[in-house]
Amino acid sequence: MNDHDRARTASRRPRPARRALLCCAVLLSLAVPASAMAAETTMVKLIKGLIASGALKPEDGQALLVQAEAEAAAAQGGTAGSAASSGGVALEAGDVRVPYVPQSVRDGIRDEVRQDVMAQAKAEGWAAPNEVAEWTKRIKVTGDMRVRSESRFYSERNSDIETNWASVNSGNGFDTNNNTNLQLPPLLNTRQDRRNLWRIRARLGIEAMIGEHTTAGVRLASGSSNGPVSTTEQLGGGLGKKDVWLDQAWLAYSPADWVTVRGGRFGNPFWTSDTLFSNDLNFDGLAANLRYDIADDVGLFGNLAVVPLEYTSDSAPSQSRVKTPNENKWLSGAQVGVNWRFNDDNSLRAALGYYDFKNISGRLSSPCALYAGAVGCDTDWSRPAFMQKGNTLMLIRDIARNPLDPANTPTPQYVGLASAFRLATFNLRWDTQLAQDIGMRLDADYIRNLAYDKQAMFARANNGIVNNYGAGGTASIDTFRSGDTAWMLQATFGATELKEKGQWQALLGYKRIEADALPDAYNDPNFHLGGTNARGYYVGGAYALDARSWISGKWMAAKEVSGPPLSIDVFQLEFNTGF
């Protein structure tokens with residue numbers, strides 16, 4: 001191997017190995033038997049190789065090289081030369097000569113070896129007992145746990161005929177022909193209190209920094225069902241095991257500091273209150289979040305999302321040669337807003353939003369001959385996959401009668417949403433300080449359904465609307481009671497976020513949600529036990545027991561906006577913790 005090959009091979013060695021060779025060279029130069037002429041020559045070659053590979057600085061290597069060559073020459077001079085180089089004292093067998101190495105050379109070698117060893121130790125995580133592997137620093141584990149005692153109180157004056165339309169849609173439909181069905185449809189409980197329902201919520205998530213711009217997240221959560229608005233699990237059930245669901249799974253890419261694009265299943269990409277979207281609601285699809293600071297105290301933000309709500313079945317009806325057309329349901333949303341910090345004690349946040357729900361309204365089918373063996377009607381897909389209560393509903397099946405016995409033909413019906421939904425929203429928040437460690441936050445929301453049209457609803461339903469009529473009135477457009485507006489006001493006092501032991505919080509709020517102001521499927525499931533056509537107040541408070549643990553209580557008193565009486569009060573006492 002020539003000098004060029006030797007240098008190239010040395011350059012491929014790990015730096016700690018090259019430093020080890022350098023240490024060997026120094027040690028050999030410090031202790032060499034006087035009679036080992038071959039070793040002297042090898043030492044000169046070794047030092048030259050280290051200089052050529054870059055492992056040894058030229059100025060330090062030259063000093064060692066001169067010394068090594070002098071050693072070699074002295075060895076060739078025999079005993080007399082050895083004696084002369086030793087100050088006139090002849091070396092005897094077994095003696096070792098210790099030449100002088102400059103202090104600067106020794107310091108440089110020591111510092112470089114130390115730096116290389118420490119760099120390798122830090123990279124591999126063995127320098128200190130508390131250090132962890134590098135990949136673990138890119139993983140963040142988050143989670144929270146809640147234990148709740150919930151009580152529900154119903155007025156004795158409530159209507160006792162409130163149809164559970166969600167149950168109707170999830171079954172085989174409700175037969176509306178009184179000649180073939182004398183039973184009532186599934187009904188909601190409206191008068192019997194339910195006290196001390198013990199419930200829990202548990203969520204565990206992982207976020208990973210994949211690269212400089214890419215992040216991934218997965219979260220598991222509890223839940224009594226696959227409904228989208230709650231991850232609360234009710235205890236009891238014979239002490240049976242509880243379900244765990246895939247709550248989130250997403251990938252995010254941030255090509256710049258001002259934009260993040262996220263796809264999969266993720267948390268609410270918009271800034272909203274639970275008047276529109278439940279705090280537990282997650283979104284499927286694609287979202288982008290943008291922010292831009294135009295000054296130190298003023299910043300703009302924008303949020304966009306395209307969300308698939310439901311896909312039509314690929315092969316429905318299963319026993320028909322003509323399949324349901326592609327009538328997928330979508331949500332497209334956009335929001336723009338501003339953050340403005342007046343001073344250290346006052347800040348304002350405001351946003352305008354627009355949310356277009358496509359194809360979620362019910363559609364009346366073409367005549368379908370269920371009596372002849374048809375397995376369904378061609379608009380069964382238009383019934384919502386999930387609903388709470390409050391929205392105006394319409395019958396969606398045009399069921400053909402058996403000509404041989406029309407009066408006794410069963411008519412099992414499903415229901416769909418009678419209104420279309422295109423929402424304009426305004427959100428406002430003001431934070432201020434009332435005194436030291438006592439803040440106040442005022443929140444306001446306003447929602448308007450721009451697509452609400454009573455005449456269009458009755459035309460779409462062909463007079464098949466089944467609810468939201470005045471109490472005791474006949475079912476007609478004149479007695480129909482609904483609305484297109486929702487709003488909320490809330491004041492929070494104390495600490496707006498509980499971060500330290502001893503912090504406290506108190507809140508007071510009021511909501512009014514008219515029947516068709518927004519889809520009832522996605523908002524808070526606690527106030528009036530979910531949905532729309534509700535108004536009332538709520539009060540609550542919380543106290544931090546520890547840095548990440550707090551107890552809270554909340555009372556919600558709500559009743560209907562219009563229609564038959566339905567008053568529901570809910571009290572929740574909770575112990576929360578997060579990590």
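Index from 1, following the sequence.
N523 and S278 are not linked by any side-chain donor-acceptor pair at a separation below 3.5 angstrom, with hydrogens and angles left out of the test. Residues R349 and N339 have side chains that bring a donor and an acceptor to within less than 3.5 angstrom of each other. A donor atom on one side chain and an acceptor atom on the other are found under 3.5 Å apart for T232 and R146. Between the side chains of T260 and S254, at least one donor-acceptor pair of N or O atoms lies under 3.5 Å. Between the side chains of N468 and S482, no donor-acceptor pair is found at a separation under 3.5 Å.
Tested against E150 for a side-chain contact (heavy atoms from CB on, under 4.5 Å), the candidates L573, V570, N196 yield a single pass: V570.
A ring-centre distance under 6.0 Å is found for W555 and F153. Between W487 and Y510, the gap from one ring centroid to the other is short of 6.0 Å.
By the 30° and 60° cut-offs, the orientation of the rings of F277 relative to F357 is tilted.
Not a single salt bridge (Lys or Arg N to Asp or Glu O under 4.0 Å) links R262 to another residue, sequence neighbours left out. Take K499 and apply the salt bridge (Lys or Arg N to Asp or Glu O under 4.0 Å) test, not counting sequence neighbours, and it matches E497. E560 is linked by a side chain to side chain contact (heavy atoms under 4.5 Å, CB included) to N533, P565, L566, counting only residues two or more places apart in sequence or in another chain. Residues meeting the salt bridge (Lys or Arg N to Asp or Glu O under 4.0 Å) test with R195, sequence neighbours left out: D193. R448 meets the salt bridge (Lys or Arg N to Asp or Glu O under 4.0 Å) test with D484; sequence neighbours excluded.
The side-chain tip of K511 points at the ring of F527 from less than 6.0 angstrom away and within 45° of straight on.
Between the side chain of E514 and the backbone N or O of T485, at least one donor-acceptor pair lies under 3.5 Å. Of the possible polar contacts, one joining the R383 side chain to the N169 backbone as a donor-acceptor pair under 3.5 Å is found.
Around NZ of K140, the count of heavy atoms belonging to other residues, nucleotides or ligands within 6.0 Å does not exceed 12.
The closest side-chain heavy-atom distance from Y522 to L309 is below 4.5 Å.
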N/O donor to acceptor pairs below 3.5 angstrom from side-chain atoms of residues 265-272, sequence neighbours left out:
residue	atom	partner	partner atom	Å
R265	NE	D247	O	2.9
R265	NH1	D284	OD1	2.7
N268	OD1	F270	N	2.9
N268	ND2	T272	OG1	3.0

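When all heavy atoms of D356 and R422 are compared, the pair lying nearest together is OD1-CG, 3.3 Å.
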